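One structure below.
Ligands are counted one by one from 1 in listed order, and the atoms in each one are counted from 1 as well. All figures in this text were calculated on a predicted structure; none of them were measured in a lab.
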Amino acid sequence: MKIKKSEFVTSAVTKDQYPESTLPEIAMVGRSNVGKSSLINMLINRKNLARTSSTPGKTQLINFFDIDSKFTLVDLPGYGYARVSKEQKKTWGKIIETYLKTRSNLLEVILLVDLRHKPTAEDIEMYKWIKTFGFNGIVVGTKHDKIKKSQLQKHIKIVRDALGMGQDDVLVMTSITNRYGKYDVWEIFNELFEVNGYDVHFEPQQGGTQND
Ligand code: GTP
Ligand code: MG
């Protein structure tokens with residue numbers, strides 16, 4: 001199946017603002033500026049459906065995107081932005097916690113980390129949180145294009161060690177500049193649909209290469 005139509009559904013903060021849906025849902029979470037919105041756009045071949053920004057910390061909303069009326073992709077608000085108050089951080093925590101706790105059609109939460117940097121205390125906490133709520137916690141290392149090939153293994157090890165990932169925990173790398181990893185992410189999505197009993201399978205379109 002190819003994607004015919006993806007569209008923005010709504011933004012939400014509180015539970016009563018979430019769209020009613022029985023479709024499977026997959027959420028992206030990670031630091032502000034890590035590339036969540038960019039990854040969503042790359043996956044669905046849209047330039048700027050999920051709005052990207054070079055000003056981090058702008059989106060403090062949960063954004064829902066409908067993909068072909070088959071599933072929903074969710075762009076969660078980013079964390080780790082330095083210039084926010086303690087109060088805002090607390091609010092952020094509540095927004096995420098409520099979503100993870102109560103969204104019954106949520107299949108999986110994808111944690112994005114910037115491959116260039118060691119995961120932060122917040123990334124580590126988030127990864128633990130995801131697991132605590134019963135998800136596998138698939139990790140996507142973004143901005144693969146920024147890493148020299150000779151340095152890649154070192155960066156992968158830093159990410160895996162810092163997050164305390166086990167051998168079976170999945171880390172895929174992506175880049176929006178050359179669409180690297182696009183197929184891998186779609187493969188993960190397709191597998192999630194399958195193991196959860198949904199008859200949904202997408203073929204990624206328009207280029208992209210796989211992690212080797
Ligand atoms: P918030 O909405 O603030 O939480 O950020 P975000 O995680 O949605 O990040 P966003 O997608 O807006 O990307 C932030 C910046 O990183 C943008 O300038 C993107 O162009 C850039 N970026 C994202 N992914 C990649 C990538 O794979 N490679 C490179 N070189 N830049 C990227
Ligand atoms: Mg964003």
Side-chain angles (χ1 to χ4, degrees), residues 6-13 25-65 67 72-85 88-89 91-97 99-100 109-127 129-130 137-149 151-152 155-156 159 163 171-186 188 204 206-212:
S6 357
E7 56 187 1
F8 170 72
V9 181
T10 191
S11 295
V13 178
E25 202 154 290
I26 298 172
M28 308 281 181
V29 70
R31 273 175 79 81
S32 189
N33 215 41
V34 69
K36 297 177 292 298
S37 306
S38 304
L39 181 66
I40 289 177
N41 289 327
M42 173 173 94
L43 291 170
I44 59 178
N45 302 312
R46 292 288 290 266
K47 275 219 173 78
N48 212 10
L49 184 65
R51 261 177 260 154
T52 60
S53 150
S54 46
T55 326
K58 266 191 141 176
T59 328
Q60 287 304 314
L61 302 166
I62 305 176
N63 289 309
F64 296 82
F65 299 94
I67 314 302
T72 310
L73 264 179
V74 174
D75 195 355
L76 290 169
Y79 52 82
Y81 181 50
R83 263 187 280 159
V84 298
S85 65
Q88 278 170 299
K89 278 187 188 163
T91 310
W92 177 89
K94 281 257 178 308
I95 295 172
I96 301 283
E97 189 182 1
Y99 174 76
L100 295 186
V109 186
I110 316 276
L111 174 68
L112 277 68
V113 294
D114 190 326
L115 273 177
R116 295 174 297 181
H117 311 299
K118 190 176 172 195
T120 64
E122 281 165 311
D123 291 327
I124 295 165
E125 205 176 314
M126 191 68 234
Y127 189 62
W129 232 13
I130 294 171
I138 290 152
V139 181
V140 167
T142 63
K143 312 194 184 185
H144 171 267
D145 56 286
K146 296 276 193 188
I147 310 281
K148 278 195 204 138
K149 220 176 171 181
Q151 300 291 305
L152 192 60
H155 286 263
I156 292 173
V159 170
L163 295 177
L171 167 73
V172 294
M173 294 166 287
T174 59
S175 166
I176 61 156
T177 60
N178 54 18
R179 298 169 187 272
Y180 183 70
K182 186 174 156 184
Y183 284 92
D184 299 279
V185 179
W186 272 112
I188 288 169
Q206 292 178 19
T209 50
Q210 268 177 300
N211 285 210
D212 43 36

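- Residue Ser38: no N/O/S atom is found under 2.8 Å from the Mg ion (ligand 2).
- Using modelled atom types and a 3.5 Å distance limit, the side chains of Lys182 and Asn45 yield a donor-acceptor pair.
- When the heavy-atom distances from atom 21 (C) of ligand 1 to Lys143, His144, Lys146, Lys36 are ranked, the shortest goes to Lys143.
- Per-residue contacts place Arg31 under 4.0 angstrom from the following atoms of ligand 1 (heavy atoms of the residue considered): 7 (O).
- Between Tyr79 and Trp92, the ring planes are perpendicular. Angles over 60° get that label, and only those under 30° would be called parallel.
- Atoms of ligand 1 lying under 4.0 Å from at least one heavy atom of Asp145, given by number and element, are 26 (C), 27 (O), 28 (N), 29 (C), 30 (N).
- With ligand atoms numbered from 1 in the order given, ligand 1 contributes 4 (O) to contacts under 4.0 Å with heavy atoms of Gly78.
- For a threshold of 3.5 Å applied to N or O pairs, the pair formed by Asp75 and ligand 1 contains no separation below that value.
- Side-chain atoms of Asp114 do not come within 3.5 Å of backbone N or O of Val34 as any donor-acceptor pair.
- Between Leu39 and the choices Ile44, Thr142, Leu112, the side chain to side chain contact (heavy atoms under 4.5 Å, CB included) rule is met once, by Leu112.
- When the shell of 6.0 Å around CD of Glu122 is examined, it contains more than 12 heavy atoms from other residues, nucleotides or ligands.
- Considering backbone and side-chain N/O atoms, Pro77 never comes within less than 3.5 Å of an N/O atom of ligand 1.
- Heavy atoms only, all atoms of each residue included: His144 and Leu115 are closest at CA-CD1, 3.8 Å.
- The closest approach between a heavy atom of Ser175 and any atom of ligand 1 is below 4.0 Å.
- When only interatomic distances are considered, the shortest N/O to N/O separation between Thr142 and ligand 1 does not fall below 3.5 Å.
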Point to revise | Pair Asp123-Thr120, side chain to side chain donor-acceptor pair (under 3.5 Å): steps then yes or no | key: CA-CA 5 Å; Asp123 291 327; Thr120 64; 3.3 Å; yes
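- Nearest-residue assignment for atom 3 (O) of ligand 1 (options Gly35, Ser32, Ser37; heavy-atom criterion): Ser32.
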